[in-house]
Colleague: 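Take a look at this one; I'll ask things after.
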Amino acid sequence: MSRRTKVSASVLDCDLADLARETLRAVKGGADRVHLDVMDGHFVPNITFGPTVIKALRPTTKRLFDAHLMISEPGRYLDQFIGAGCDSITFHVEVEEPIEPTLLKIRKAGRLAGLAIKPATPLSALAPYADLLDIVMVMTVEPGFGGQKFMLDAATKIGPAHDVFHDRDGERPSAREVHVDGGVSRSSAAVCGTGGAEVLVVGSVLWKKGNDIERVIKEIKSLADQARKTSAQAAVTAR
Ligand code: DX5
Ligand code: ZN
């Protein structure tokens, strides 16, 4: 638990007419990674962008690209997201198609493989895929839109999500990252830190008029780090 909390900037609500410049603003402001929300208007009631846009944005920065696929058929489009240069590909455990082949393919391509869970989905849904996961993405809003309120109930899964990972013999060990996505701000950062989240997805609060991106990221990281440290210390004392 020595690593610092990382921020993945979600560009969903930035000025999309200026996507490359907005991405750079977030990176220069301290975002460690870029979170790309892909929506198909079917799995969620909203449509965003796809692999061609991600590919076009790829040369903008060397920072990791985290693709968050909110689409019904991730397997069908996977090659395109791999080809677009995504470093991690996370899709939803709630999709109604086989999950294991897609996770295997992501890992075979040398990318981090992740599953996201909606607020009402229990962590037990991830158990069958435990040895193929690098990322568990705990959704703290209903997927589909930025700017929603952080759901405290869903956040109770952040800590226990760390127990899901299980390494497969003879394969590269899991990256074991828990990402929290939805409604992350200065007021919810501590809850995420207490759960020991490795990566916080931060969206709309970065782009709100008048907000200083660098300051927002710095404060979120420091609040999460502080809470993470305190809860780790408490766990040691309780032993
Ligand atoms: C919601 C997306 C989130 C969103 C987060 O479906 O998955 O990544 O961009 O935005 P905020 O931080 O505004 O909740
Ligand atoms: Zn997302």
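Whatever order the structure lists ligands and atoms in, that order sets their numbers, starting from 1.
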Colleague: Return the set of protein N, O or S atoms whose distance to the Zn ion (ligand 2) is under 2.8 Å, each given as residue and atom.
Modeller: His35 NE2, Asp37 OD1, His68 ND1, Asp181 OD2
Colleague: Can a salt bridge be assigned to the pair Glu171 and Arg107 using a cut-off of 4.0 Å between side-chain N and carboxylate O?
Modeller: yes
Colleague: Tell me if a side-chain donor or acceptor on Ser174 pairs with a main-chain N or O of Leu133 at a distance below 3.5 Å.
Modeller: yes
Colleague: Is it true that Glu198 and Lys221 make a salt bridge, defined as a side-chain N closer than 4.0 Å to a carboxylate O?
Modeller: no
Colleague: Between His92 and His68, is the gap from one ring center to the other below 6.0 Å?
Modeller: yes
Colleague: Check this for me: does any side-chain nitrogen of one of Arg63 and Asp87 sit under 4.0 Å from a carboxylate oxygen of the other?
Modeller: no
Colleague: Considering only NZ, NE, NH1 and NH2 on the basic side and carboxylate oxygens on the acidic side, decide whether Lys208 and Asp13 come within less than 4.0 Å.
Modeller: no
Colleague: Can you pull the residues with any heavy atom under 4.0 Å from ligand 1?
Modeller: Ser10, Leu12, His35, Asp37, Met39, His68, Met70, Met139, Pro143, Gly144, Phe145, Gly146, Gly147, Asp181, Gly182, Gly183, Val201, Gly203, Ser204
Colleague: Looking at Asp32 and Val7, would you say the former's side chain and the latter's main chain have a donor-acceptor pair under 3.5 Å?
Modeller: yes
Colleague: Taking CG in Asp163 as the centre, count heavy atoms belonging to other residues, nucleotides or ligands within less than 6.0 Å. Is the count above 12?
Modeller: yes
Colleague: Could you walk me through whether Asp134 and Arg111 satisfy the salt bridge (charged side-chain N to carboxylate O under 4.0 Å, His left out) test, starting with their C-alpha distance in whole Å, then the side-chain angles of each, then the deciding distance to 0.1 Å, before giving a yes or no?
Modeller: CA-CA 9 Å; Asp134 293 298; Arg111 317 300 163 92; over 6 Å; no
